[in-house]
Amino acid sequence: MALTKSIYEGGMGEIVEKKSRFIATICPVETEEEATAFIAAQKKKYYDARHNCSAYIIGRNGELKRSSDDGEPSGTAGRPILEVLEREGIYNVCVVVTRYFGGTLLGTGGLVRAYQGATKEAMAQCSFLERAQGHVVTVIIPYTLLGKFQYFCNSNGIPVLDTIYETDITLKMIFSKERKEEFVKEVMKFTEGSINCEVSEEVEYALKGQEILLF
């Protein structure tokens, strides 16, 4: 199943359990190389910590998932962190949870709760984007059709990437993957087939307020 959400701006969160500090840091990543570099940077930053446990998910379909307990008992740190990301449907994200040992053993259940709790605290400080799949559609239209196109986009929630005013108007829109064929047919219908639609390969996009982001 395709995931839908990614991190736009990372965050940090911290909890304390029986004097052990758990510091979670979350970062958006696009590749495994970026994830491993982020983990290495956090280990360098917190070089004096007992553990720097991590997890990451790369790819809209969760194609690449990795986790590390970094010396904690098997299955008590990396996997629980990863489960938080999976439950939230987040991808292209990396989490490192740093533990400064407080002198008291937490037990298996205590460690799982602490690592997940720190991850959730950090997630509460992040900015998220809901991503979708679609196609950039470019048309060149006369000024007489601008009002009709603007109404078409507004009434169907179609994001407009750019409008270039020259002798004619170049309009770049994003059609969702699911409705691309329907929208292209609609454009052809109300322009009586008088214009060409240039349709891009599939892209990922997200709306951040009024800003349109392509990935």
Report all side-chain donor-acceptor pairs from residues 103-117 shorter than 3.5 Å, counting only partners two or more places apart or in another chain.
unit_1 : atom_1 : unit_2 : atom_2 : d
Y115   : OH     : E72    : OE2    : 2.6
Q116   : NE2    : P80    : O      : 3.0
Q116   : NE2    : E83    : OE1    : 3.4

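- Clustering ILVMFWY residues whenever any of their side-chain heavy atoms sit less than 4.5 angstrom apart, transitively, puts F149 in a cluster other than the one holding I140.
- When all heavy atoms of Y143 and T167 are compared, the closest pair comes out as CE1-O, 3.4 Å.
- Judged purely by distance below 3.5 Å, without hydrogens or angles, the side chains of S6 and R131 pair a donor atom with an acceptor atom.
- Open room surrounds OH on Y151; 12 or fewer heavy atoms of other groups in view lie less than 6.0 Å from it.
- Listed for the E63 side chain is a donor-acceptor partner under 3.5 Å among the backbone atoms of N61.
- For residues 103-112, there are no salt bridge (Lys or Arg N to Asp or Glu O under 4.0 Å) pairs, not counting sequence neighbours.
- For the pair I23 and V97, the minimum side-chain heavy-atom distance is 4.5 Å or more.
- Proximity of a side-chain donor or acceptor of S200 to a complementary backbone N or O of V136 within less than 3.5 Å is detected.
- Legend: residues meeting side-chain hydrogen bond (donor to acceptor under 3.5 Å, both in side chains) with S20, ordered by chain and number and at least two apart, are R99.
- Rounded to the nearest 0.5 angstrom, H135 NE2 and E201 CD are separated by 8.0 Å.
- Partners of E9 under the salt bridge (charged side-chain N to carboxylate O under 4.0 Å, His left out) rule, at least two apart in sequence or in another chain, do not exist in this structure.
- Within the 4.5 Å cutoff, no side-chain heavy atoms of E121 are placed close to those of T119.
- Side-chain contact between L64 and I57 is absent, with no heavy atoms from C-beta onward closer than 4.5 Å.
- Qualifying salt bridge (charged side-chain N to carboxylate O under 4.0 Å, His left out) partners for E202, counting only residues two or more places apart in sequence or in other chains: K177.
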- Query: Are I90 and I7 close enough, and set up right, to give a side chain to side chain contact (heavy atoms under 4.5 Å, CB included), and what steps lead you there?
  - Reply: CA-CA 7 Å; I90 302 171; I7 302 288; 4.2 Å; yes
- Can you list the steps and then say if C197 with M188 is a side chain to side chain contact (heavy atoms under 4.5 Å, CB included)? CA-CA 8 Å; C197 287; M188 290 295 97; 3.7 Å; yes
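- F190 and L146 fall within a single hydrophobic cluster, where Ile, Leu, Val, Met, Phe, Trp and Tyr side chains are chained together by heavy-atom contacts under 4.5 Å.
- Not a single side-chain hydrogen bond (donor to acceptor under 3.5 Å, both in side chains) links E178 to another residue, sequence neighbours left out.
- Remark: E32 does not engage K65 in a salt bridge, criterion side-chain N to carboxylate O under 4.0 Å.
- Counting only distance, with no hydrogens or angles, the side chain of N92 and the backbone of I58 share no donor-acceptor pair below 3.5 Å.
- For Y47, the OH atom counts as loosely surrounded, since its 6.0 Å shell holds 12 or fewer non-hydrogen atoms of other residues, nucleotides or ligands.
- From T36, atom OG1 reaches atom CD of E33 across 6.0 Å, with rounding to the nearest 0.5 Å.
- Between the CZ atom of F152 and the CG atom of L145 there is a distance of 12.5 Å, given to the nearest 0.5 Å.
- Atoms CG and OG1, from L129 and T4 in turn, are 11.0 Å apart once rounded to the nearest 0.5 Å.
- By the side chain to side chain contact (heavy atoms under 4.5 Å, CB included) test, N196 is found to be paired with no residue, residues two or more places apart in sequence or in another chain being considered.
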- Trace of the side chain to side chain contact (heavy atoms under 4.5 Å, CB included) decision for C94 with I39: CA-CA 8 Å; C94 183; I39 293 168; 3.7 Å; yes
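- In summary, E182 and R179 engage in a salt bridge, as defined by a charged side-chain N under 4.0 Å from a carboxylate O.
- The closest side-chain heavy-atom distance from E17 to F22 is below 4.5 Å.
- The side-chain heavy atoms of V160 and L171, taken from C-beta on, include a pair separated by under 4.5 Å.
- Summarising the geometry, atom CD1 belonging to I174 is positioned 10.5 Å from atom SG belonging to C153; distances are rounded to the nearest 0.5 Å.
- Annotation: salt bridge (charged side-chain N to carboxylate O under 4.0 Å, His left out) contacts of K148 (sequence neighbours excluded): none.
- Interatomic distance, OG of S68 versus CG of L82, reported as 11.5 Å (0.5 Å rounding).
- One side chain, D48 or Y100, offers a donor N or O that lies under 3.5 Å from an acceptor on the other.
- M12 places none of its side-chain heavy atoms less than 4.5 Å from the side chain of I26.
- L207 and V137 fall into different hydrophobic clusters, defined by Ile, Leu, Val, Met, Phe, Trp and Tyr side-chain heavy atoms under 4.5 Å apart, directly or through other members.
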- Evaluate side chain to side chain contact (heavy atoms under 4.5 Å, CB included) for D162 paired with T170, printing each intermediate quantity in order. CA-CA 8 Å; D162 198 11; T170 301; over 6 Å; no
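- The salt bridge (Lys or Arg N to Asp or Glu O under 4.0 Å) analysis of residues 191-200, with sequence neighbours excluded, yields no pairs.
- With sequence neighbours excluded, no residue forms a side-chain hydrogen bond (donor to acceptor under 3.5 Å, both in side chains) with Y8.
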- Message: Test ring-ring contact (aromatic ring centres under 6.0 Å, His included) on Y56 and F38; report intermediate values, then the result.
- Response: CA-CA 10 Å; Y56 56 87; F38 174 68; over 10 Å; no
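- The heavy-atom pair separating A122 from G11 by the smallest distance is CB-O, 3.9 Å.
- With sequence neighbours left out, the salt bridge (charged side-chain N to carboxylate O under 4.0 Å, His left out) criterion links R50 to no other residue.
- Annotation: side-chain hydrogen bond (donor to acceptor under 3.5 Å, both in side chains) contacts of T98 (sequence neighbours excluded): N52.
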- Message: The test is salt bridge (Lys or Arg N to Asp or Glu O under 4.0 Å); show your working for R79 and E86 and say whether it passes.
- Response: CA-CA 10 Å; R79 181 62 205 176; E86 290 174 329; 2.8 Å; yes
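- Note: the hydrophobic cluster containing F128 does not contain I212 (ILVMFWY, side chain heavy atoms under 4.5 Å, direct or indirect links).
- When the side chains of ILVMFWY residues are joined at heavy-atom separations under 4.5 Å, either directly or via intervening members, Y91 and I81 end up in a single hydrophobic cluster.
- The distance between the ring centers of Y205 and F215 does not fall below 6.0 angstrom.
- Of all the heavy atoms in G10 and C126, the pair that sits closest is C-SG, 3.7 Å.
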